[in-house]
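A quick write-up on the structure given underneath.
In what follows, chains are A, B, ... by sequence order, proteins preceding strands, each numbered from 1.
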Protein chains: 2
Amino acid sequence: MPKSVSRLMPVVPGASRRQQYSASTKRALVEVAEGLFTEHGYANTSLDAIVAGARVTKGALYHHFSGKQALFEAVFERVETDASKTINKALRGRRDPWEKARAGLRAFLGVVQEPQYRRIVIQEGPAVLGYERFREQEERSTFATVLDIVRSVLGAGSWELDEAMLQTFARIFFGAMSSAGESVATSDDPEEAADRVEAAIGFIIAGFRSLAESGVELPDTLVTDDE
Amino acid sequence: MPKSVSRLMPVVPGASRRQQYSASTKRALVEVAEGLFTEHGYANTSLDAIVAGARVTKGALYHHFSGKQALFEAVFERVETDASKTINKALRGRRDPWEKARAGLRAFLGVVQEPQYRRIVIQEGPAVLGYERFREQEERSTFATVLDIVRSVLGAGSWELDEAMLQTFARIFFGAMSSAGESVATSDDPEEAADRVEAAIGFIIAGFRSLAESGVELPDTLVTDDE
DNA sequence: GGACTCACATACCGTGAGTACGTACCCAGA
DNA sequence: TCTGGGTACGTACTCACGGTATGTGAGTCC
């Protein structure tokens, strides 16, 4: 039945018929897997269910992927890439660092409410991929965006920050946003919860501005006399 | 061989001989499981390996626990409880909220470097338990401590914060600390990384104090005119 | 001291990830 | 146009592992 299948295929002009078929089934596997992983989780999703959903067999799956984990990684990358695109789209045109931060935070709080992102990236990503690969993937997409924003926001102050300190701040904000995002997503009223998170982080940023205006230095703020 | 076994048994005066044996094997199962889960992860640890390590059989395991996940949950609780104890111990005697915050942060950054906590609580907890149960457990131990500290720190300012906003702030700091802690644990130089995290969060807190001194209100800091 | 129960041990089953191998189809070259 | 080869799967199987059903012997209680 070539007619119905052709609907599923992306138009890739330079690719041969077989290559298009192949790419199509690979896409189908990833898409079906994304849905099932999101709904039932990694451990509770069998490869049989995935290949049945994609209307192929395990032979096809193991032709395209080295195993279940590799398939999950493909799904993970897809979800992360989508999230990163969404966030970066929300940043387009904004020049003021503080405003970029606000827009980015808003966008992130939106993304973190998508079930795919919550389940696949936040909940199961670290366990399935292991923390190393998880961090690698993150640093190439959403974390990179956060780092960018933090860089421009803190660069707007008069402080001189080395790269390690910037990374630390970015990690802190990234963790804060992830955790806060989770509380937004599980809230009865996500809108209100998102407003609260925005207010709280905005308050933190306001603290930065206040410190910047009063010319406070960074490295000595915490190094007091005890210990 | 009652002599060697008796060494393993906790002294529980009111318990009968059988009850003590029983408690001892249960403890052994949890301890062995903690080690194996930490080293190989949940999915890569077989029940056969656990019962072999505890020198019992699966019958014993399924007598004490309803299954693999329930065993993990027992391990999780143990690790979380230990962590909570460690942190609370570091807070004893401190009265000044800001100092409590510092001590708590230091203690947390120490805890998060323990492999059991990182692997079982942070990395695999959400995936194995599901986010709901994961959060429930957290809120009864370490998160409760963080919430306490945040409450006293923000209460030290002149702001009137409702409970929801306090929870939001606590979530944000908890997420920030977890994420930052992870970067500390994976760092080449954990000491230095911990110092950086402490400085960064100290900087944020300094921002709070700065705002408090200049009498800035909370809810309107972020609500500007656009959108 | 005998019935009873608890704390396991043993033997087994079902499921699901991974593998070895077979095969149909497309495409390049003669 | 035929053909060899390689790609893209399908089929049938193995094996590890979580879970269960049932047996059993050592404590416990009356």
Side-chain angles (χ1 to χ4, degrees), chain A residues 1-2 5-6 8-10 12-30 32-33 36-37 40-75 124 127-129, chain B residues 1-3 5-6 8-10 12 14-30 32-33 36-37 40-75 124 127-129:
Chain A
M1 52 203 73
V5 172
S6 67
L8 300 173
M9 293 204 304
V12 184
S16 76
R17 183 173 217 81
R18 259 170 68 147
Q19 287 171 325
Q20 293 201 359
Y21 277 123
S22 177
S24 171
T25 61
K26 187 171 182 177
R27 259 182 59 112
L29 282 168
V30 173
V32 170
L36 292 176
F37 284 156
H40 308 294
Y42 179 79
N44 292 323
T45 300
S46 71
L47 295 184
D48 287 336
I50 293 172
V51 298
R55 292 180 307 177
V56 289
T57 63
K58 291 214 284 194
L61 196 154
Y62 276 90
H63 175 74
H64 287 290
F65 303 97
S66 64
K68 193 182 185 184
Q69 183 168 331
L71 175 57
F72 179 86
E73 200 159 343
V75 172
E124 308 219 305
V128 177
L129 298 182
Chain B
M1 53 204 75
K3 202 174 291 178
V5 171
S6 66
L8 300 171
M9 293 203 306
V12 183
S16 74
R17 183 175 218 76
R18 269 189 26 177
Q19 286 171 326
Q20 293 202 0
Y21 277 124
S22 177
S24 171
T25 62
K26 187 171 182 177
R27 258 182 58 111
L29 281 168
V30 172
V32 170
L36 292 176
F37 284 156
H40 308 294
Y42 180 78
N44 292 325
T45 300
S46 71
L47 295 184
D48 287 335
I50 293 173
V51 297
R55 291 179 306 177
V56 290
T57 63
K58 290 213 283 197
L61 195 156
Y62 276 90
H63 176 73
H64 288 289
F65 302 96
S66 63
K68 192 181 184 184
Q69 183 167 332
L71 175 58
F72 179 86
E73 200 158 345
V75 173
E124 306 219 306
V128 177
L129 299 181

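Contact check, A/His63 against D/dC9: no side-chain N or O comes under 4.0 Å of OP1 or OP2. For the OP1/OP2 pair of D/dA8 and a distance below 4.0 Å, the side-chain nitrogens and oxygens of A/Ser22 include at least one atom meeting the criterion. For A/Thr25 and D/dC9, the shortest distance from a side-chain N or O to OP1 or OP2 is below 4.0 Å. Using a 4.0 Å cut-off, some side-chain N or O of A/His64 falls inside it from OP1 or OP2 of D/dC9.
Residue B/Val30 comes nearest to B/Val75 through the heavy atom pair O-CG2, 3.6 Å, listed as atom of the first residue, atom of the second, then distance. Across every non-hydrogen atom of A/His64 and A/Ser22, the tightest pair is CE1-OG, 3.0 Å.
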Scan nucleotides 27-29 of chain C against the protein and return all N/O pairs shorter than 3.5 Å with their distances rounded to 0.1 Å.
residue, atom, partner, partner atom, Å
C/dC27, OP1, A/Arg17, N, 3.0

For nucleotides 16-20 of chain D, print each protein N/O atom paired with a nucleotide N/O atom at under 3.5 Å, atom names and distance only.
residue, atom, partner, partner atom, Å
D/dG18, OP1, B/Thr45, O, 3.3
D/dG18, OP1, B/Lys68, NZ, 2.9
D/dG18, OP2, B/Leu47, N, 2.8
D/dG18, N7, B/Lys58, NZ, 3.1
D/dG19, OP2, B/Tyr62, OH, 2.7
D/dG19, OP2, B/Lys68, N, 3.0
D/dG19, O5', B/Tyr62, OH, 3.2
D/dG19, N7, B/Lys58, NZ, 3.0
D/dG19, O6, B/Lys58, NZ, 2.9

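The salt bridge (charged side-chain N to carboxylate O under 4.0 Å, His left out) pairs that include a residue from residues 57-66 of chain A number zero, where partners must be two or more places apart or lie in different chains.
Taken to the nearest 0.5 Å, the CG atom of A/Leu61 stands 11.0 Å off from the NE2 atom of A/His63. Here the NZ-CZ distance, from B/Lys68 to B/Phe37, works out to 5.5 Å after rounding to the nearest 0.5 Å. For the atom pair CD of A/Gln20 and CZ of A/Arg27, the computed distance is 12.0 Å after rounding to the nearest 0.5 Å.
In this view, B/Ala60 and B/Val56 satisfy the side chain to side chain contact (heavy atoms under 4.5 Å, CB included) rule, not counting sequence neighbours.
Cation-pi geometry between B/Lys26 and B/Phe65 is met: the NZ or CZ atom falls under 6.0 Å from the ring centre, inside 45° of the normal.
Separating the CD atom of A/Gln20 from the C1' atom of D/dT7 is a distance of 16 Å, rounded to the nearest angstrom. Whole-Å rounding puts the B/Phe65 CZ to C/dC8 C1' distance at 14 Å. One can place CG of A/Leu29 at 14 Å from P of C/dA17, the figure rounded to the nearest angstrom. If you measure from atom NZ of B/Lys26 to atom P of C/dC6, you get 15 Å, rounded to the nearest angstrom.
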Could you list the donor-acceptor pairs under 3.5 angstrom formed between side-chain atoms of residues 42-54 of chain B and any protein atom two or more places apart in sequence or on another chain?
residue, atom, partner, partner atom, Å
B/Tyr42, OH, B/Gln69, N, 3.3
B/Thr45, OG1, B/Leu36, O, 3.2
B/Thr45, OG1, B/Gly41, O, 2.6
B/Ser46, OG, B/Ala49, N, 3.1

